[in-house]
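Here is the structure we will look at.
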Amino acid sequence: MEDKNLPKPEKAARSLNFIEEIIEEDLRNNVYGQRIHTRFPPEPNGYLHIGHAKSICLNFGLGKKYNGKTNLRFDDTNPAKEDVEYVDSIMEDVKWLGFDWEDRLFYASDYFEQLFDYALVLIRKEKAYVCDMSAEEISETRGTPTRPGKESPYRNRSMEENLDLFHRMRAGEFADGSKVLRAKIEMGSPNMHMRDPVLYRIIHTAHHRTGEKWCIYPMYDFAHGQSDSIERITHSICTLEFEVHRPLYDWLIREIGIYVPRQIEFARLNLSYTIMSKRKLLELVQEKMVKGWDDPRMPTICGLRRRGYTPESIRNFADLIGVAKRDNVIDVSLLEFCIREDLNKRANRLMAVLNPVKIILDNYPENQCEEIDALNNPENPESGTRKVPFSKELYIEKEDFMEDPPGKFFRLAPGREVRLRSAYIIKCENFVKDPVTGEVTEIHCTYDPMTRSGMPESGRKVKGTLHWVSGKHAVEAEVRLYDRLFTVENPDNAEEGKTYKDYLNPDSLKTITAYLEPSGIQVRPLEKFQFERIGYFSVDPDSSIEKPVFNRVVALKDSWAKSEKMK
RNA sequence: UGACCCAUGGUGUAAAGGUAGCACAAGAGAUUUUGGUUCUCUCGGUCCAGGUUCGAAUCCUGGUGGGUCAACCA
């Protein structure tokens, strides 16, 4: 009522996502007191990707926004699929993204004993029973979404027998798959998950943390909600596919009689030109279609990191995409926008020529070399300047010269003037062609000594400005150019008879030799640079090669793409 | 032919019954020592049909469309 009297601006400023609406209502109704506690609960069976980043930012963001806490919890209930390698990488990635779980690092496997006791509670209440049917039989008698299931012949075992059997399951008396513990709910439920779901199964496999201690492991449904409850999570935020699990989540917690968290589901992130399924990403790695989980073409956090993405840019991305319940496909151009926006402010510029053609300044003294001052980052005056050597023979980009230019071509052409970035204005006098291939091999120019940057006449306007390197001083370096891994917007949605693998982009990785200005060799790992016009690059931190290796992060509007439009 | 969830510009996301806004993308212009950046502008939307109401993107009913669910995965 009194809300209606709020002034309009304040109303407009609300703009909460639906999860924040729920949280604020719970706060108003004092459902959990004034306490907010969330968690990020990955299964350590793969590397984290940009979709997890959305969840991480959401959960930790909510914790921060409402002055609450956020746990990191490994949902490690299936020893067959999990590994410490993944545990370690997940912790590294969450930290790198800038989030801190402080002393609240947990594992579902920490709760195995407690979970076992909860199962005992259910058995004693005759709400759970040991079932001897095989996986196939259980599947067959579960029915279908439109047809009810049939009750198991073991459903009415006595509580004493169930207790005995369950203890013997734990003791290791039975083979994998021979028995399971099931909840006794309703085989005719329209919700498949309520048709006597499996709670525990037998797996004689060493667990990465508990070793051989256990041979029965709780299923997701029996572990997740209870772990939330044990940690006194207030809002358990998960993705939409768990929506149908919520009645079971609530049922188990109610029947066991423990603290009640609230599960809230949101739509997972989908990115165009990207696959996000852990299973498929694992395939890419195992089948060597990429060089590893941290291949810069991968949508993994570590891949994005190697590609040059900053934590800030990813957090900002998570912010921009919002949170809702409807299925979505975010265009990767938004992600690319986020890193360009961030790097544009912070990345120092270097010049590099990827596809060189030689320029000879006919009126420049043979053995002269000047040290030109160049701005490190025109967007940030505090970034200072660097010295770049300039001499008679230079390289420019092949595509920056045209013998017979179309109308809107601003760059070098016979008789035309352009500025060399941070240096002189030059004029093309003539050029040499290879008589066989017809390719331009040498461009002869004259420079105007009065136009060096900073000189009184340097203000003269010319149509184009080009990046360049001094031929004598340039550093040859192996440069890797990365492009999108897939050629179609939705590789998951393959046409008949095809899979996502049929849409892999064969040109997603190109290795070329490029020419860098010599200061490029002094760069330190992890520093970010922006190469003018060509794109953003970062130094590959894992490079063991002596020459610096650069990764393309995001192409600016490619000059050649523009050239197409000029025609 | 079941249950549950969802439906706002090309893509996302806001608007608590009261002016449909923002971002990305796209297009145009200005600035520019790179055609980048920056700035300005433009384009373009409430799935359909009824109902309630002075007033509906919002509430109700019914359609339509999409998604999820039949692992001893999570």
Side-chain angles (χ1 to χ4, degrees), chain A residues 3-4 6 11-12 14-17 21 41-43 45 75-78 80-82 131 133-135 138-140 142-149 176-182 189-195 197-203 217 219-221 223-224 238-247 265 267 272 278-279 320-331 333-338 340-341 344-345 374-375 378-379 400 408-411 418-423 425 453 458-459 461-467 530 532-535 556-559 561-563 565-566:
Chain A
D3 284 355
K4 292 227 163 108
L6 287 174
K11 268 185 143 178
R14 274 175 56 88
S15 198
L16 302 175
N17 67 46
E21 297 272 3
E43 183 190 15
N45 67 343
D75 223 339
D76 54 349
T77 56
N78 186 356
K81 290 190 174 180
E82 297 153 7
C131 179
M133 289 200 293
S134 68
I138 289 179
S139 174
E140 281 162 20
R142 185 157 17 234
T144 70
T146 53
R147 225 184 41 240
D176 287 9
S178 60
K179 284 182 167 48
V180 290
L181 183 73
R182 290 229 253 169
S189 169
N191 183 339
M192 301 285 293
H193 296 276
M194 298 300 270
R195 321 239 266 226
V198 172
L199 266 24
Y200 267 90
R201 74 292 213 188
I202 302 171
I203 307 176
Y217 291 90
M219 298 287 290
Y220 164 85
D221 287 305
H224 200 103
C238 61
T239 45
L240 245 30
E241 64 268 28
F242 293 103
E243 211 152 27
V244 281
H245 292 244
R246 180 151 33 95
E265 310 84 12
S272 62
K278 264 198 211 176
R279 198 202 87 228
L320 291 180
I321 58 179
V323 186
K325 290 191 83 159
R326 80 186 82 129
D327 293 316
N328 60 81
V329 183
I330 309 282
D331 202 302
S333 64
L334 184 62
L335 218 210
E336 292 170 348
F337 163 79
C338 289
R340 266 187 281 120
E341 186 189 40
N344 185 48
K345 284 180 295 198
L375 248 30
E379 306 295 321
D400 284 345
K408 287 183 183 168
F409 187 80
F410 301 159
R411 284 115 79 174
V418 293
R419 172 173 293 281
L420 294 178
R421 174 112 217 206
S422 306
I425 291 175
S453 283
S458 66
K461 302 276 186 244
V462 286
K463 272 182 247 160
T465 303
L466 307 182
H467 58 277
Q530 182 190 35
E532 290 296 340
R533 196 158 86 213
I534 301 162
L556 300 177
K557 300 210 170 196
D558 274 347
S559 44
K562 283 281 182 187
S563 312
K565 283 179 63 177
M566 286 181 275

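Residue numbering restarts at 1 for every chain, and letters A, B, ... go by the order of the sequence lines.
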Name all residues meeting the side chain to side chain donor-acceptor pair (under 3.5 Å) criterion together with S333(A); count only those two or more places apart in sequence or in a different chain, and write none if there are none.
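S333(A): side chain to side chain donor-acceptor pair (under 3.5 Å) contacts with D331(A).
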
For K278(A), give me all partners under side chain to side chain donor-acceptor pair (under 3.5 Å), at least two apart in sequence or on another chain.
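Partners of K278(A) by the side chain to side chain donor-acceptor pair (under 3.5 Å) criterion, ordered by chain and then number, come out as N45(A).
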
Less than 3.5 Å between a donor and an acceptor, one on the side chain of S453(A) and one on the base of rU33(B), is that the case here?
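Indeed there is one.
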
Starting the side chain at C-beta, find the nucleotide from [options] nearest to [X].
| X | options | value |
| --- | --- | --- |
| H467(A) | rU34(B), rA74(B), rC69(B) | rU34(B) |
| T465(A) | rU34(B), rA71(B), rC69(B) | rU34(B) |
| R411(A) | rU34(B), rA74(B), rG35(B) | rG35(B) |
| R421(A) | rA74(B), rU37(B), rU33(B) | rU33(B) |
| S15(A) | rA14(B), rU68(B), rA74(B) | rA14(B) |
| E43(A) | rU37(B), rA14(B), rA74(B) | rA74(B) |

In whole Å, what separates the [atom1] atom of [N] from that of [M]?
| N | M | atom1 | value |
| --- | --- | --- | --- |
| rA56(B) | rA70(B) | P | 42 Å |
| rA14(B) | rU53(B) | P | 31 Å |
| rU58(B) | rU8(B) | P | 13 Å |
| rC60(B) | rG17(B) | C1' | 13 Å |
| rA49(B) | rU64(B) | P | 15 Å |
| rA7(B) | rA57(B) | P | 15 Å |
| rU32(B) | rU13(B) | C1' | 33 Å |
| rG44(B) | rG27(B) | C1' | 12 Å |

So, do L334(A) and I321(A) sit near enough that their side-chain heavy atoms are less than 4.5 Å apart?
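Counting from C-beta outward, L334(A) and I321(A) do come under 4.5 Å.
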
Kindly say if [X] contacts the phosphate of [N], meaning a side-chain N or O under 4.0 Å from OP1 or OP2.
| X | N | value |
| --- | --- | --- |
| R246(A) | rC5(B) | no |
| S139(A) | rA71(B) | yes |
| K461(A) | rU33(B) | yes |
| R201(A) | rA74(B) | yes |
| T144(A) | rG2(B) | no |

For [X], which residues count as a side-chain contact (heavy atoms from CB on, under 4.5 Å) partner, sequence neighbours excluded?
| X | answer |
| --- | --- |
| V418(A) | L412(A), I426(A), L466(A) |
| M192(A) | R142(A), P145(A), R195(A) |
| R201(A) | N78(A), V180(A), I203(A), Y217(A), M219(A) |

Which part of the nucleic acid, if any, lies within reach of [X] when heavy atoms closer than 4.0 Å are counted: base, sugar-phosphate only, or nothing?
| X | result |
| --- | --- |
| M133(A) | base |
| K278(A) | nothing |
| H245(A) | base |
| S134(A) | base |
| R419(A) | base |
| G177(A) | base |
| S333(A) | sugar-phosphate |
| S272(A) | nothing |
| Y217(A) | nothing |

Length of the [atom1]-[atom2] vector between [X] and [N], whole Å:
| X | N | atom1 | atom2 | result |
| --- | --- | --- | --- | --- |
| E21(A) | rA16(B) | CD | C1' | 7 Å |
| I138(A) | rC73(B) | CD1 | C1' | 15 Å |
| F410(A) | rU34(B) | CZ | C1' | 11 Å |
| L199(A) | rA71(B) | CG | P | 17 Å |
| L375(A) | rU32(B) | CG | P | 16 Å |
| R142(A) | rG2(B) | CZ | P | 21 Å |
| F337(A) | rU38(B) | CZ | C1' | 12 Å |
| L466(A) | rU33(B) | CG | P | 14 Å |

Review item, side-chain donor-acceptor pairs of residues 240-247 of chain A, under 3.5 Å, at least two apart:
unit_1: E241(A); atom_1: OE1; unit_2: T239(A); atom_2: OG1; d: 3.2
unit_1: E241(A); atom_1: OE2; unit_2: T239(A); atom_2: OG1; d: 3.1
unit_1: E241(A); atom_1: OE2; unit_2: R268(A); atom_2: NH1; d: 2.7
unit_1: E243(A); atom_1: OE2; unit_2: K325(A); atom_2: NZ; d: 2.7
unit_1: H245(A); atom_1: ND1; unit_2: D221(A); atom_2: OD1; d: 2.8
unit_1: H245(A); atom_1: ND1; unit_2: D221(A); atom_2: OD2; d: 3.4
unit_1: R246(A); atom_1: NE; unit_2: E265(A); atom_2: OE2; d: 2.6
unit_1: R246(A); atom_1: NH2; unit_2: E265(A); atom_2: OE1; d: 3.2
unit_1: R246(A); atom_1: NH2; unit_2: E265(A); atom_2: OE2; d: 3.4

Hey, is rA70(B) sitting syn or anti, using the within-90° cutoff around 0?
anti

Please enumerate all residues that pass salt bridge (charged side-chain N to carboxylate O under 4.0 Å, His left out) together with E379(A), with sequence neighbours excluded.
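Result, salt bridge (charged side-chain N to carboxylate O under 4.0 Å, His left out) vs E379(A): none returned.
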
Give the minimum heavy-atom separation between [X] and [Y], together with the two atoms involved.
| X | Y | value |
| --- | --- | --- |
| R182(A) | V198(A) | CD-CG2, 4.1 Å |
| S422(A) | A374(A) | OG-CB, 3.6 Å |
| A267(A) | N328(A) | CB-ND2, 3.7 Å |

Under a 3.5 Å cut-off on both pairing distances, which runs of 3 or more consecutive Watson-Crick or G-U pairs involve RNA chain B?
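Stems (3+ consecutive pairs) listed as B:2-7 with B:64-69, B:10-13 with B:21-24, B:26-30 with B:38-42, B:47-51 with B:59-63.
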
Quick check for you: to the nearest 0.5 Å, what is the distance between L335(A) atom CG and S272(A) atom OG?
9.5 Å

I'd like to know whether D400(A) forms a side-chain contact (heavy atoms from CB on, under 4.5 Å) with H467(A), so could you lay out the CA-CA distance, the side-chain angles of the two residues, the decisive distance to 0.1 Å, and finally the verdict.
CA-CA 9 Å; D400(A) 284 345; H467(A) 58 277; 4.0 Å; yes

One character per nucleotide, please: for nucleotides 6-13 of chain B, 5' to 3', B when the base has a protein heavy atom closer than 4.0 Å, S when only the sugar-phosphate does, - otherwise.
SSB--SSB

